Protein chains: 2
Amino acid sequence: MARTTDAVKILERVTGGDAAMTAGRAEAKVNFDVAQLIYDARAAAGLSQSELAALIGSKQPVIARLEAADYEGHSLTMLQRIASALDLRLELRFIPRNGVRRRKSRLA
Amino acid sequence: MARTTDAVKILERVTGGDAAMTAGRAEAKVNFDVAQLIYDARAAAGLSQSELAALIGSKQPVIARLEAADYEGHSLTMLQRIASALDLRLELRFIPRNGVRRRKSRLA
DNA sequence: CCAACTTATCACAATATTGTTATACCGGCA
DNA sequence: TGCCGGTATAACAATATTGTGATAAGTTGG
């Protein structure tokens, strides 16, 4: 058998055994969030899609695509271009998933 | 003259007139941060580049590229793949830049 | 020294994202 | 109605990112 590149085994070792199923869903949600993130930033700046496009050296249809909730092609470079144009800073973080309770959670 | 797609004028209107210069630098720093973000996450999970690559269905050289501080090709899809594999959640935010003080900042 | 493991780098094919133009749809307004 | 601004969609070219295999260098342990 493969020595260290057996994905299933590694997954179990790292996550406890059920991370594989969460993969697909998370991506869909992030795409949706990103679309809204862009829309909100543009709206807050009071810009039209054409204006924002001009700011980042692009065209209006590109912004329309980015703001479509089902668009899956988001890239970091595009997000950075938008952030820079709007004088914002793009912040990225990996945060623990729910379900990995640390210590006791005092529910009641 | 162009009606609404004059980038310079829009920039001045949105940012106050000096955002164009901050664009390039911010991107370089974000790339560096992302490289470290990936490295930290992988190290925290106790995985080798080969193991992480296997988890996301890729190969070791790809991870090496992503962790190189001067790599500029980071994509959201890749970050999401890594986050999912490590059972983490990718969080994205646009935050105001320093220098855009709102109201009075009570310094002293 | 040798073997195994990890990481780094190169080159090129394969795929994904962006660029660009054209056009359609909608709502507001004269 | 007709015009205008704003947004959405389509199609294809151009560019960027990933996939893949080969290989080198550094490290650790025998």
Side-chain angles (χ1 to χ4, degrees), chain A residues 1-7 9-10 13 23 27-28 30-32 34-36 38-85 90 92, chain B residues 1-7 9-10 13-14 23-24 27-28 30-32 34-36 38-85 90 92:
Chain A
M1 68 169 100
R3 216 161 300 135
T4 56
T5 53
D6 186 319
K9 289 194 175 180
I10 300 171
R13 178 171 120 220
E27 294 175 15
V30 172
N31 288 330
F32 180 83
V34 172
Q36 187 146 328
I38 294 172
Y39 172 83
D40 290 345
R42 179 175 66 82
L47 296 173
S48 69
Q49 293 181 345
S50 294
E51 290 173 321
L52 176 56
L55 278 180
I56 66 173
S58 186
K59 300 288 175 66
Q60 176 267 327
V62 173
I63 306 298
R65 269 194 305 216
L66 297 178
E67 292 182 1
D70 60 343
Y71 182 63
E72 299 192 347
H74 294 289
S75 74
L76 259 198
T77 56
M78 187 59 86
L79 285 172
Q80 289 172 199
R81 283 165 67 186
I82 292 174
S84 296
L90 178 61
L92 286 159
Chain B
M1 66 170 95
R3 215 161 300 133
T4 55
T5 52
D6 187 319
K9 290 193 173 179
I10 301 173
R13 179 171 119 216
V14 173
E27 293 175 16
V30 172
N31 288 330
F32 180 84
V34 172
Q36 187 146 329
I38 295 173
Y39 173 83
D40 291 345
R42 179 174 66 83
L47 296 173
S48 70
Q49 293 181 345
S50 293
E51 290 173 320
L52 176 55
L55 278 181
I56 65 173
S58 187
K59 299 288 175 66
Q60 177 267 328
V62 173
I63 306 298
R65 271 193 303 213
L66 297 178
E67 292 182 3
D70 60 342
Y71 181 63
E72 300 192 345
H74 294 289
S75 74
L76 259 197
T77 56
M78 187 59 87
L79 287 172
Q80 289 173 198
R81 284 165 66 186
I82 293 174
S84 296
L90 178 61
L92 286 159

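Within every chain, numbering begins at 1; the chains are lettered A, B, ... in the order of the sequence lines, protein sequences first and strands thereafter. Since the structure is predicted, the reported quantities are computational estimates derived from the model, not experimental observations. All values below come from the heavy atoms of this structure, side chains included, with hydrogens, waters and symmetry mates left out.
- The phosphate of D:dG21 (OP1 or OP2) has a side-chain N or O of B:Lys59 nearer than 4.0 angstrom.
- Contact annotation: B:Ser75 side-chain N/O to D:dT17 OP1/OP2 distance is not under 4.0 Å.
- Here the side chains of B:Ile82 and B:Leu66 are in contact, with some heavy-atom distance below 4.5 Å.
- Distance, A:Gln60 CD to C:dT21 P: 13 Å, rounded to whole Å.
- Residue B:Ser50 places no side-chain N or O under 4.0 Å from the OP1 or OP2 atom of C:dC5.
- Residue A:Ala68 is the one, among A:Ala68 and B:Val62, whose nearest nucleotide of DNA chain D lies closer to the 5' end (criterion: closest heavy atom).
- The distance between atom CG of A:Leu76 and atom P of C:dT18, rounded to the nearest whole Å, is 11 Å.
- For the pair A:Arg65 CZ and D:dT7 C1', the interatomic distance rounds to 14 Å; values are reported in whole Å.
- Around OH of A:Tyr71, the count of heavy atoms belonging to other residues, nucleotides or ligands within 6.0 Å exceeds 12.
- Between B:Tyr71 and the phosphate of D:dT18, there is a side-chain N or O to OP1/OP2 separation shorter than 4.0 Å.
- Between A:Arg42 and D:dT7 there is a side-chain N or O to OP1 or OP2 distance below 4.0 Å.
- Contact of A:Gln49 with D:dA8 (side chain to base): no donor-acceptor pair of N or O atoms is detected under 3.5 Å.
- Inspection of the A:Thr77 and A:Ser75 side chains reveals an N or O donor paired with an N or O acceptor under 3.5 Å.
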